**Student:** 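A single structure is presented below for examination.
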Protein chains: 2
Amino acid sequence: MQVTEINTCCEPVLDAALSEEGAAELAVAFKVLSDPVRLRLLSLIACAPDGELCACDLPALVDRKQPTVSHHLSILADAGLVVREQRGRWAWFRVAPQRLAVLRDALGG
Amino acid sequence: MQVTEINTCCEPVLDAALSEEGAAELAVAFKVLSDPVRLRLLSLIACAPDGELCACDLPALVDRKQPTVSHHLSILADAGLVVREQRGRWAWFRVAPQRLAVLRDALGG
DNA sequence: GAGTGATATCGATGAACGTCGATACCAAAT
DNA sequence: ATTTGGTATCGACGTTCATCGATATCACTC
């Protein structure tokens, strides 16, 4: 059975064999979620009263220094899991739910 | 790691803020899925004709040496994503779908 | 018991990553 | 223009991890 020709990138893990390229892309996406600080940032932003949170509050909330939080927020934004919006000096973040849905579907949604 | 442990702690990322402990456990689970070889092993096993696959076939299928495949299979088994069954000299693997469902739900299912 | 073959473990190596101090960048205020 | 303060980037350090050769373990066969 020649697996690599059957699928494109993001088929459910349980329903179809992944190609090498698809597995590589999925792995990158899951790696973004494989850090506890990033998971907490994501859930904090998602649970914020107005669906958005100022970056200035996050270092205290996750108990990490500002460069570390900025680094993780960049990774989340580059992965398309959160959206960054600059307002004056402050950076506000909200979640981009479609991206999470892609990963959820990959797990056999 | 036990299934009951992860069930009690992992609230959906989009619906409730994660505790530090919950985030740590979820991160460990997602880290297992953050490697392309493990994702391919998982999908290959899931797509096997009888729902199970012999470990002897996997090094060729994922293009890695036998110690590497054995290492990844142990990680998948320890995470409860795959079940190992010894038959004579051969080790057979099948997926444990409940575990994937837990992760899927954590993404806001 | 000796031999064969499948799988797991060990040890080493190189790469990737989280963290943070120092610093640069940028927008607003005075 | 200068200062203030929030954010991003840089550089370094220690840790984690994927990979694989060598070796050990185990089950079956003869």
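Convention: sequence-line order gives letters A, B, ...; per-chain numbering from 1. Given the structure is predicted, the values throughout are model-derived calculations rather than measurements.
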**Student:** A:Arg99: what forms a side-chain contact (heavy atoms from CB on, under 4.5 Å) with it, not counting sequence neighbours?
**Tutor:** A:Leu81

**Student:** Mind checking what makes side-chain contact (heavy atoms from CB on, under 4.5 Å) contact with A:Ala24, not counting sequence neighbours?
**Tutor:** none

**Student:** Taking five pairs at each end of the helix from C:dG1-D:dC30 to C:dT30-D:dA1, what angle separates the two helix axes (nearest 10°)?
**Tutor:** 20°

**Student:** Going by salt bridge (Lys or Arg N to Asp or Glu O under 4.0 Å), name the pairs with one or both residues in residues 59-77 of chain B, residues two or more places apart or in two chains.
**Tutor:** none

**Student:** Would a 4.5 Å heavy-atom cut-off, applied to side chains only, mark B:Val95 and B:Leu42 as touching?
**Tutor:** yes

**Student:** Are there any protein N/O atoms within less than 3.5 Å of an N/O atom in nucleotides 4-8 of chain D, and if so, which ones and at what distance?
**Tutor:**
{"from": "D:dT7", "atom 1": "OP1", "to": "A:Cys56", "atom 2": "N", "distance (Å)": "3.3"}
{"from": "D:dT7", "atom 1": "OP1", "to": "A:Ala91", "atom 2": "N", "distance (Å)": "3.1"}
{"from": "D:dT7", "atom 1": "OP2", "to": "A:Cys56", "atom 2": "N", "distance (Å)": "3.0"}
{"from": "D:dA8", "atom 1": "OP1", "to": "A:Arg84", "atom 2": "NE", "distance (Å)": "2.7"}
{"from": "D:dA8", "atom 1": "OP1", "to": "A:Arg84", "atom 2": "NH2", "distance (Å)": "3.2"}
{"from": "D:dA8", "atom 1": "OP2", "to": "A:Ser70", "atom 2": "OG", "distance (Å)": "2.8"}
{"from": "D:dA8", "atom 1": "N7", "to": "A:Gln66", "atom 2": "NE2", "distance (Å)": "2.8"}
{"from": "D:dA8", "atom 1": "N6", "to": "A:Gln66", "atom 2": "OE1", "distance (Å)": "3.2"}

**Student:** List for me each residue that meets salt bridge (Lys or Arg N to Asp or Glu O under 4.0 Å) alongside B:Arg38, sequence neighbours excluded, and say none if there are none.
**Tutor:** none

**Student:** Could you list, one pair per line, each protein nitrogen or oxygen that sits under 3.5 Å from a nitrogen or oxygen of nucleotides 12-16 of chain D, together with the distance?
**Tutor:**
none

**Student:** Identify the 5'-most and 3'-most nucleotides of DNA chain C with at least one atom closer than 4.0 Å to a non-hydrogen atom of chain B.
**Tutor:** C:dT4 to C:dT9

**Student:** Name all residues meeting the side chain to side chain donor-acceptor pair (under 3.5 Å) criterion together with A:Arg84; count only those two or more places apart in sequence or in a different chain, and write none if there are none.
**Tutor:** A:Gln86

**Student:** Regarding A:Arg87, tell me which of base, sugar-phosphate or nothing describes its non-hydrogen contacts under 4.0 Å with the strands shown.
**Tutor:** nothing

**Student:** By side-chain contact (heavy atoms from CB on, under 4.5 Å), which residues pair with A:Asp78, not counting sequence neighbours?
**Tutor:** none

**Student:** Using the test side chain to side chain donor-acceptor pair (under 3.5 Å), find all partners of A:Glu85 that sit at least two apart in sequence or belong to another chain.
**Tutor:** A:Arg87

**Student:** Run the side chain to side chain contact (heavy atoms under 4.5 Å, CB included) check on B:Ile45 and B:Val83 step by step: do they pass?
**Tutor:** CA-CA 10 Å; B:Ile45 294 170; B:Val83 176; over 6 Å; no

**Student:** Less than 4.5 Å apart, any side-chain heavy atom of A:Leu33 and any of B:Leu107?
**Tutor:** yes

**Student:** Can you check side chain to side chain contact (heavy atoms under 4.5 Å, CB included) on A:Phe93 and A:Leu53, steps first, answer last?
**Tutor:** CA-CA 5 Å; A:Phe93 289 85; A:Leu53 215 49; 5.6 Å; no

**Student:** Return the set of residues passing salt bridge (Lys or Arg N to Asp or Glu O under 4.0 Å) with A:Arg94 (not counting sequence neighbours), or none when no residue passes.
**Tutor:** A:Glu52

